[in-house]
Protein chains: 2
Amino acid sequence: MATGRTHRTATRSRGIPEATVARLPLYLRALTALSERSVPTVSSEELAAAAGVNSAKLRKDFSYLGSYGTRGVGYDVEYLVYQISRELGLTQDWPVVIVGIGNLGAALANYGGFASRGFRVAALIDADPEMAGKPVAGIPVQHTDQLEKIIDDNGVSIGVIATPAGAAQQVCERLVAAGVTSILNFAPTVLSVPDGVDVRKVDLSIELQILAFHEQRKAGEEADAQADAVLAAEAAAAEKAGKGPDGDVPAVMPA
Amino acid sequence: MATGRTHRTATRSRGIPEATVARLPLYLRALTALSERSVPTVSSEELAAAAGVNSAKLRKDFSYLGSYGTRGVGYDVEYLVYQISRELGLTQDWPVVIVGIGNLGAALANYGGFASRGFRVAALIDADPEMAGKPVAGIPVQHTDQLEKIIDDNGVSIGVIATPAGAAQQVCERLVAAGVTSILNFAPTVLSVPDGVDVRKVDLSIELQILAFHEQRKAGEEADAQADAVLAAEAAAAEKAGKGPDGDVPAVMPA
DNA sequence: CCATCTTTGTGCACGCGTTCACAAAGACAT
DNA sequence: ATGTCTTTGTGAACGCGTGCACAAAGATGG
């Protein structure tokens, strides 16, 4: 059983590196802004700055798509917008369902960025019978019973899970069984999916914990010498004791 | 100027690889679940399955923290929960402010996963005077004017930005100037921050676009031979024409 | 038509992260 | 005490992603 595989292993096919794919939306956003300001061309240096990346990286990224730049001039903004859009598959419309219309689900349904680029909220689905029929963001919520029918009728291949953690795996399985092959998971759980299904997760709690780690590290660097000594002593003590179920909390706090 | 640097370059210090740090919260979640079921020990194989990663990777990750396992037995669940919590800095309390209390901000404020692990919503801040005083998730919203005072009074070092894209950079600068050194950005913009400030971004739109790319690729693989021919011809034509502002959309759609 | 100047596209080297595969460590039974 | 069996911890190889640095390409001016 393939448990919690986040991504396909192989990126063969046309061979665009996964890291590059992840940056294309960034470039596209920057380019769209330039396009709205009617800027005709842009250099790799300028565009890289706008997208927050290294210019060499950007050029290499674009080289995977083909040679769309003109030496001595830069890139044609409009043309690049079109090429990236096409590469990302945004020239077609992607119907999306959102499952779990709680606080988060409702916020997602109201999020404008959805419709802007090829994505269309085809349906909102919730398990609560009370919700059924109520409009959220102008779209009536439908009951989970209808899930399979909705997926099928609308040709949905992308599903967004915004349910509580406990329900996520079950919802995921129903979505996949109904034909969904890409899932964006907001529930704090690891989803198990069969091969060929892509899962991307967005997890607030994990992001905060990563920030906390770095924050703690920053705080620790200030009191470097002392902290090092303390940690060393503590580590030694713990090792000697074998298992210290409750050591003292160092309590290094900025303020 | 350091534009849109997502992360510190160096991970020297205690030398835990960034990739490992990003997985620690995953392990912690799985371990917490085991702890609640009163499971005393767990093998790397089992825990890896629960966290959705390779068991060798998990063991290497843990090896960076020290040798906390027992050969032939596995890892002590409670002890590991404690060690990882400590490493991530979750044994202390992190006051957090959320700026921008729209649909998303309110959803975040209501999100339970916040309080569960060391994070505490110290304040909700919004630019709309109408919002001031209104309670969201039991916490009264305060006006942006108070931002600096709130950060200072509560010793906040982590800020969450859930404003519209246009306001994000400005809010970011005020947060940083007031002393915030870690930012979780939900606004669809690249933030510029000075060195020493960590930014992590959560971007729904980007995630969807990445999924769309893979989805398109899957659809393309089915009609492999034909598509290849079409694409080759198209590419050749485009190259010859120099710049085709509007080629035909292949229109490979699942349903 | 030629020289100069800008900017792309890429070969190359380096470092990080992943995975394999196995020796060492310890539990457990006899 | 000894042997067996399980599971950890890690050395080593590999592959991907990043960034430097430069040659080639083309625009632009004389």
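Residue numbers begin at 1 in each chain, while the letters A, B, ... track the order of the sequences.
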(request) Return the value, rounded to whole Å, for the distance between atom CG of B:L58 and atom C1' of C:dG17. (result) 15 Å

(request) To the nearest Å, give me how far apart CD (B:E18) and C1' (C:dC16) are. (result) 12 Å

(request) Measure from the side chain of A:A19, starting at C-beta and using heavy atoms only, and say which of C:dT18, C:dG9, D:dG17 lies closest. (result) D:dG17

(request) Scan nucleotides 20-30 of chain C nucleotide by nucleotide, 5' to 3', and note B when protein non-hydrogen atoms come under 4.0 Å of the base, S if they reach only the sugar-phosphate, - if neither. (result) BB--BB-S---

(message) Measure NZ/A:K57 against P/C:dA13 and give the value in whole Å, please.
(response) 21 Å

(message) Taking the basic N atoms (NZ, or NE/NH1/NH2) and the acidic carboxylate oxygens, is any pair closer than 4.0 Å for B:D198 and A:R217?
(response) no

(request) Measure from CG on B:L47 to C1' on D:dT8 and round the result to the nearest Å. (result) 13 Å

(request) Find the distance B:L65:CG to D:dT10:C1' and express it as a whole number of Å. (result) 15 Å

(message) For a quick test of reading the model: is some side-chain N or O of A:Y68 closer than 4.0 Å to OP1 or OP2 of C:dT7?
(response) no

(request) Round to a whole Å and report the spacing from CD of B:E45 to C1' of D:dT6. (result) 12 Å

(message) Distance check needed: D:dC16 P versus A:I16 CD1, whole Å only.
(response) 15 Å

(message) Any donor-acceptor pair under 3.5 Å linking the side-chain atoms of A:Q169 with those of A:E173?
(response) yes

(message) If we count only N and O atoms by modelled type, under 3.5 Å, do the side chains of B:T32 and B:E36 hold a donor and an acceptor together?
(response) no

(request) Applying side-chain hydrogen bond (donor to acceptor under 3.5 Å, both in side chains), name anything that partners A:S63, two or more places apart in sequence or on another chain. (result) none

(request) For a side-chain contact (heavy atoms from CB on, under 4.5 Å) with A:R200, tell me which candidate from B:I206, B:L208, B:L211 qualifies. (result) B:L211

(request) Please check the phosphate of D:dG17 (OP1 and OP2 only) for any side-chain N or O of A:Y64 closer than 4.0 Å. (result) no

(request) Over all heavy atoms of both residues, which pair between B:L184 and B:V202 is shortest? Give the atoms and the distance, please. (result) CD1-CG2, 3.9 Å

(request) Look at all strands and tell whether A:F62 reaches a base, only sugar-phosphate, or nothing, counting heavy atoms closer than 4.0 Å. (result) nothing

(message) Among B:Y68, B:Y79, B:Y75, exactly one meets ring-ring contact (aromatic ring centres under 6.0 Å, His included) together with B:F62. Which residue is that?
(response) B:Y75

(request) Whole angstrom is fine here: how far is it from CD in B:E46 over to P in D:dT7? (result) 8 Å

